[in-house]
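Worksheet: the structure to be examined is printed underneath.
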Amino acid sequence: MFCQSSDELNELVIEAKKCVKHGKVADYIPELGKANPNELSIAIYYPNGNCISAGDIERKITLQSISKVISLALVLMDRGTDYVFKHVGMEPTGDPFNSIARLEMMDVAKPLNPMINAGALSVTHMIQGEDVKERLQRLLTLIQTMTNNFEINYNENVAQSEFDTAYLNRSLAYFLKQHRIIDEDIEQLLDLYTKQCAIEMNCLDLARIGLVFAMDGIDPDNGKHILPADVARICKTFMVTCGMYNASGEFAIKIGIPAKSGVSGGIMGAVPGKFGIGIFGPSLDQKGNSIAGIKLLELLSKNYRLSMF
Ligand code: GLN
């Protein structure tokens, strides 16, 4: 039986919180550096609409890399799998999320997967629409439908702060443009990418996104497919193989569920067929994952046997 009460969840949060002191808030995006490292919150969303939560559940967080799973879902629907995987690969990498090293070592400079920054830039490039505004709106509409919250938008300060300092992402994008993986104006692409990463919501919204993935793309309220089952399956597979960047192997062994993290300290989890999880804990480990968030998932997985494996 899985955890049914917010009190049970609260106890696990208190236990997991002990490790926040071993991590550090991301500050390479200056706006993110303002987060309080001691926070930890979680929401769990069940298919019948029940939710349980612990911590400050109203707190809004930006998606950062979690957005990469949803932009991937959108381009798979826009362009089909053959086209998408001509521009981005399917293989995990042992390198950090923002590494440029592999691109130069490949025969074709195709990014290894859509969850590292190079791959995510290539995916964002494939989002269809007339201009940045329309492309962003299409992504927002998908996210609003998945959360059933039509107020969701991006945080302008966080987007601007990343846009002003995204030198490494610009380098990756220019490299990909040189090798014809990307053929749009790089400032325009960075404008869209940084707004995508700055889309913000609370843990409950994040948990509902996890639930839609967990239910093979189905909206829990009306039973309709928001995503085709095949798209949800591909996204979940990437969450298992690459969702925690170069910590995905250890995460699969210790926790064993599809999940995606972001440098804001968010983690979105999808327990197949069962529920969605949204976590916020901005103190990060060395690989850029929420340190207390991972501890919390480890406790949940152990206590309630969540591993798929
Ligand atoms: N916006 C961030 C970046 O591109 C996302 C990275 C992350 O969350 N790991 O650097």
Side-chain angles (χ1 to χ4, degrees), residues 23-35 60-72 88 92-103 111-125 127 132 136 139 143 154-176 182 186-201 206 209 235 238-239 241-248 251 259-269 278-291 293-294:
K24 198 174 159 294
V25 167
D27 56 8
Y28 76 98
I29 298 173
E31 245 342 87
L32 294 185
K34 297 179 181 166
K60 280 193 183 165
I61 62 160
T62 58
L63 289 178
Q64 300 303 331
S65 277
I66 302 170
S67 69
K68 295 169 179 174
V69 193
I70 310 157
S71 55
L72 174 66
V88 65
T93 158
D95 301 323
F97 66 87
N98 52 7
S99 175
I100 200 164
R102 279 302 143 150
L103 287 177
L112 273 168
N113 69 67
M115 301 296 127
I116 53 172
N117 284 8
L121 286 161
S122 166
V123 167
T124 299
H125 170 60
I127 298 177
V132 167
L136 180 68
L139 182 64
I143 290 176
Y154 72 95
N155 179 314
E156 285 180 28
N157 292 335
V158 175
Q160 191 64 47
S161 175
E162 182 172 13
F163 185 82
D164 290 344
T165 54
Y167 309 115
L168 194 48
N169 282 332
R170 279 187 176 80
S171 316
L172 292 168
Y174 275 111
F175 190 93
L176 294 171
I182 284 173
I186 297 304
E187 291 306 299
Q188 175 180 297
L189 176 62
L190 262 291
D191 183 24
L192 177 55
Y193 176 77
T194 51
K195 285 175 178 159
Q196 163 191 322
C197 289
I199 293 173
E200 67 176 356
M201 62 184 62
L206 196 55
I209 294 181
C235 291
F238 276 120
M239 285 161 70
T241 57
C242 320
M244 297 285 138
Y245 324 116
N246 47 336
S248 299
F251 188 86
K260 181 75 202 89
S261 67
V263 285
S264 50
I267 304 178
M268 179 264 288
I279 290 182
F280 175 56
S283 180
L284 306 182
D285 63 20
Q286 284 190 333
K287 293 185 174 173
N289 294 315
S290 170
I291 194 162
I294 291 203

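We use all heavy atoms of the structure for the numbers below, so side chains are in, but hydrogens, waters and symmetry mates are not. Remember, it's 1-based here, ligands and their atoms both numbered in the order they're listed. Residues take their numbers from the sequence shown, with the count starting at 1.
At least one heavy atom of N169 sits closer than 4.0 Å to an atom of ligand 1.
Close approach to C197 involves these atoms of ligand 1, each under 4.0 Å from a residue heavy atom: 1 (N). Below 4.0 Å from some heavy atom of G262 lie the following atoms of ligand 1, by number and element: 8 (O). Within the listing of ligand 1, atoms 1 (N), 2 (C), 3 (C), 4 (O), 10 (O) sit less than 4.0 angstrom from a heavy atom of E162. The distance from ligand 1 to the heavy atoms of N117 drops below 4.0 Å at these ligand atoms: 3 (C), 4 (O), 6 (C), 10 (O). Against a heavy-atom cut-off of under 4.0 Å, S65 is close to the following atoms of ligand 1: 5 (C), 6 (C), 7 (C), 8 (O), 9 (N).
Checked against a 3.5 angstrom limit, the closest N/O atoms of S261 and ligand 1 fall outside it. The distance criterion of under 3.5 Å between nitrogen or oxygen atoms is not met by K68 with respect to ligand 1. Note: an N/O pair closer than 3.5 Å links V263 and ligand 1 by distance alone.
In the candidate list F97, Y28, Y245, Y28 is nearest to atom 10 (O) of ligand 1, counting heavy atoms.
In this structure the side chain of L32 never reaches within 4.5 angstrom of the side chain of P282, judged on heavy atoms. Between S65 and Y245 there is a side-chain heavy-atom pair separated by less than 4.5 Å. Residues I294 and M244 have side chains in contact (heavy-atom distance under 4.5 Å, counting atoms from C-beta outward). K68 is not listed as a side-chain neighbour of L63, based on a closest heavy-atom distance of 4.5 Å or more.
Under a cutoff of 6.0 Å and an axis angle of 45°, R170 and F175 do not form a cation-pi pair.
Dense packing is recorded around CD of Q188, with more than 12 heavy atoms of other residues, nucleotides or ligands lying under 6.0 Å away.
Counting all heavy atoms, side chain and backbone alike, A247 lies closest to N289 at CB-ND2, 3.7 Å.
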